[in-house]
Amino acid sequence: MIDLYFWPTPNGWKVSIALEEMELPYETHLINIGKGDQFDPEFLKISPNNRMPAIVDPDGPDGEPVSVFESGAILMYLARKTGRFYGKTERDRIAVEEWLMWQMGGVGPMAGQAHHFLKYAPKLEPPQDLPYPKDRYRTEVGRLYGVLDRRLAENEFVAGDFYSIADMSIWGWASLWEGQQQVLEDKPHFTRWLEMMSARPGVQAGRALHAELRGDHGDKKSQGILFNR
Ligand SMILES: N[C@@H](CCC(=O)N[C@@H](CS)C(=O)NCC(=O)O)C(=O)O
């Protein structure tokens, strides 16, 4: 049983989706990021960057326990462990890693900032309704989704003709495109892929994990914990 340290956000969904798709049994430990659980010294031993998701696998390398933080590292570890969703050849693996890194360094941080400046910052006290960062991150997310659309025009999945951890890493942020003030009319291949991904039972199960706890960080206390430290 893998221990999953989780809160229902796009970064958390990457790992809950992967565990569901890989049919690995897991036990969920909630890390309520609005309440500050990510700063608990016991959690910091597993995830020193005070972010979820993280996992502990009691059956790690050589049969010994291992902890892993950073969603991209977790996806790669789980794909190696199971031998699934990483392609079959070295060329496949290069493509998976290209698009996984593209998500980790591009879509995740940029969409995260888009959410921050478009949704959360205007609700702060005093409001931070800032045109420059709103435009900057909205435009950059749109550029990234344009790159993805062109890639998906030629490939069924992001790394090629096979489903991989790269798709799993992108879907959560991409599924929230409306909150990032994006349009899909000019991105038919991205739209096709979003619909295909959303129909997968593994994606649906990972997305549903503790969905009832999803919040909007609208209260002052969680804003202070998340945005002022
Ligand atoms: N690069 C990290 C990002 C993880 C991340 O940003 N997690 C957020 C929630 S989506 C978090 O734990 N935030 C807590 C905080 O900001 O204190 C990953 O991909 O695992």
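Start at 1 with the first residue, then count along the sequence. As the structure lists them, so they are numbered: ligands from 1, and atoms in each ligand from 1.
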Checklist line | Identity and distance of the protein heavy atom lying nearest atom 1 (N) of ligand 1 | finding: Glu70 OE1, 2.8 Å
Notebook entry, point to check: If you count the atoms of ligand 1 from 1 in the order shown, which ones are under 4.0 Å from a heavy atom of Leu226?
Noted result: 14 (C), 15 (C), 16 (O), 17 (O)
Item checked: atom 19 (O) of ligand 1: the protein heavy-atom neighbour that sits closest, reported with distance to 0.1 Å -> Ser71 OG, 2.6 Å
Margin query: Quick check on contacts: which atoms of ligand 1 are under 4.0 angstrom from a heavy atom of Met104?
Written below: 19 (O)
Next item on the list: Could you find the nearest protein heavy atom to atom 17 (O) of ligand 1 and give me its residue, atom name and distance?
Entry: Gln38 NE2, 2.8 Å
Checklist line | Heteroatom distance test (Trp173, ligand 1): nitrogen or oxygen, under 3.5 angstrom | finding: no
Notebook entry, point to check: Val56 and Leu44: same hydrophobic cluster, using ILVMFWY side-chain contacts below 4.5 Å?
Noted result: no
Check: Numbering the atoms of ligand 1 from 1, which are under 4.0 Å from a heavy atom of Thr9?
Finding: 9 (C), 10 (S)
Next item on the list: For residues Ile31 and Trp7, report the shortest heavy-atom separation together with the two atoms involved.
Entry: O-CB, 3.2 Å
Check: Cation over ring, Arg136 on Phe117, under 6.0 Å and within 45°?
Finding: no
Only distances under 3.5 Å count here; give the side-chain donor-acceptor pairs of residues 57-74 to other protein atoms, sequence neighbours excluded, each with its distance to 0.1 Å.
| from | atom 1 | to | atom 2 | distance (Å) |
| --- | --- | --- | --- | --- |
| Asp57 | OD1 | Asp59 | N | 2.9 |
| Asp57 | OD2 | Tyr77 | OH | 2.6 |
| Asp57 | OD2 | Lys81 | NZ | 2.8 |
| Ser71 | OG | Lys14 | NZ | 2.9 |

Notebook entry, point to check: Regarding His210 and Glu212, is there a side-chain donor-to-acceptor distance under 3.5 Å anywhere?
Noted result: yes
Check: Does Phe43 have its ring centroid less than 6.0 Å away from the ring centroid of His29?
Finding: no
Note to self: Heavy atoms only: which of Met52, Lys14, Gln103 lies closest to atom 12 (O) of ligand 1?
What the structure shows: Met52
Next item on the list: If you have a sec, work out which protein heavy atom is nearest atom 3 (C) of ligand 1 and how many Å separate them, to one decimal?
Entry: Asn11 ND2, 3.7 Å
Check: With distance as the sole criterion, is a donor-acceptor pair present between the side chains of Glu97 and Tyr86 under 3.5 Å?
Finding: yes
Check: Considering only heavy atoms, does Asn50 approach ligand 1 within less than 4.0 Å through its side chain, its backbone, both, or neither?
Finding: both
Next item on the list: Check if Pro53 has a non-hydrogen atom at a distance under 4.0 Å from any atom of ligand 1.
Entry: yes
Check: In the protein, which heavy atom is nearest to atom 11 (C) of ligand 1, and how far is it?
Finding: Arg51 CD, 3.3 Å
Next item on the list: May I ask you to check whether Phe157 and Phe162 place their ring centres under 6.0 Å from each other?
Entry: no
